[in-house]
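What you see below is based on every heavy atom in this structure, not just the backbone, and it leaves out hydrogens, waters and symmetry mates. Bear in mind that the values here come from a model prediction, so they are computed numbers and not experimental data.
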Amino acid sequence: DASGVASVPYADAFDPKRLETVKGTITTIGAVRIGDLREERLRLRIRATDGRELIVYAAPESFGAQQGLGLRPGKVIEITGSPARYGTQTVLVAGSLSADGKIAKLRDDQGRAAWLTP
């Protein structure tokens, strides 16, 4: 791409050795189609308590909706994930989301996606 920054394949983007936890408020919710993946992923824009703006890539939209977190703009959320370079931006690839005392575990301790596990 024109930026000269190598794009990272999404499937390899989650690194369970580089986890960070961020708490903040959802400012926007959308979807993103990543690379050749068929389903769209939930994309959250978060204003962290430290003032940073973050983009979070979570599970496929259908899986995320099933987790019952009631995600919406203005909701306070905590994300544990791994920072990853995707295209020219850094995103936080979510391993778990929590809000209102509920936790949606999106990946196991090795980083395998919960929505792909039977």
Side-chain angles (χ1 to χ4, degrees):
D1 77 46
S3 71
V5 176
S7 185
V8 177
Y10 185 76
D12 300 328
F14 187 86
D15 182 353
K17 295 179 185 110
R18 294 185 54 226
L19 294 180
E20 68 176 75
T21 299
V22 176
K23 187 172 184 175
T25 303
I26 299 171
T27 57
T28 63
I29 297 177
V32 62
R33 187 174 306 274
I34 304 163
D36 296 332
L37 298 176
R38 276 191 267 182
E39 70 257 339
E40 291 186 330
R41 304 295 169 138
L42 182 66
R43 183 197 48 75
L44 305 170
R45 185 176 298 271
I46 305 294
R47 165 97 39 212
T49 54
D50 65 7
R52 293 182 295 160
E53 279 240 348
L54 300 166
I55 296 174
V56 177
Y57 287 173
E61 282 191 292
S62 58
F63 184 83
Q66 295 171 18
Q67 300 306 301
L69 293 180
L71 301 177
R72 65 185 183 287
K75 186 165 200 121
V76 175
I77 187 169
E78 186 172 281
I79 304 108
T80 298
S82 117
R85 196 89 179 139
Y86 186 73
T88 60
Q89 63 185 356
T90 298
V91 300
L92 188 63
V93 180
S96 68
L97 306 172
S98 64
D100 300 330
K102 298 179 187 174
I103 298 173
K105 192 152 173 73
L106 307 179
R107 296 178 178 270
D108 66 15
D109 293 338
Q110 286 75 45
R112 290 185 294 257
W115 59 91
L116 299 177
T117 308

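Listed by chain and residue number, Glu53 satisfy the side chain to side chain donor-acceptor pair (under 3.5 Å) test with Arg47 (two or more places apart in sequence, or in another chain). Among residues two or more places apart in sequence or in another chain, the salt bridge (Lys or Arg N to Asp or Glu O under 4.0 Å) test is passed with Arg52 by Glu20, Asp50. Among residues two or more places apart in sequence or in another chain, the salt bridge (Lys or Arg N to Asp or Glu O under 4.0 Å) test is passed with Lys75 by Asp100.
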Inset, instruction - Output, in order, the C-alpha distance, side-chain angles, deciding distance and verdict of side-chain contact (heavy atoms from CB on, under 4.5 Å) for Ser96 and Thr80. - result: CA-CA 5 Å; Ser96 68; Thr80 298; 3.6 Å; yes
Inset, instruction - Applying side chain to side chain donor-acceptor pair (under 3.5 Å), run through Thr27 and Arg45 and close with a yes or a no. - result: CA-CA 6 Å; Thr27 57; Arg45 185 176 298 271; 4.9 Å; no
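Atom-to-atom distance recorded for Arg107:CZ and Ser82:OG is 8.0 Å, nearest 0.5 angstrom. Distance check: Leu69 CG to Ser98 OG gives 8.0 Å after rounding to the nearest 0.5 Å. To the nearest 0.5 Å, the span separating CZ on Arg85 from OG1 on Thr90 amounts to 4.0 Å.
Looking at every heavy atom in both residues, Ala58 comes nearest to Ala94 through CA-CB, 4.1 Å. Listed here is the closest heavy atom pair of Pro16 and Gly111: CG-N, 4.2 Å.
Side-chain contact between Leu71 and Ile26 is present, with heavy atoms from C-beta onward closer than 4.5 Å. Counting heavy atoms from C-beta outward, Phe14 and Leu19 have side chains that approach closer than 4.5 Å. Within the 4.5 Å cutoff, the side chain of Glu40 has no heavy atoms near those of the Val32 side chain. You'll find the side chain of Ile77 reaches within 4.5 Å of the side chain of Ile46, heavy atoms only. Side-chain contact between Leu42 and Phe63 is absent, with no heavy atoms from C-beta onward closer than 4.5 Å. Using a 4.5 Å heavy-atom cutoff, the side chains of Ile55 and Arg43 are in contact. Proximity of Pro83 to Leu92: side-chain heavy atoms (C-beta onward) are separated by under 4.5 Å at one or more points.
Judged by distance alone, the side chain of Lys105 and the main-chain N or O of Gly95 form no donor-acceptor pair under 3.5 Å.
Residue Trp115 is grouped with residue Leu44 when hydrophobic side chains (ILVMFWY) are merged at heavy-atom distances under 4.5 angstrom, including chains of intermediate members.
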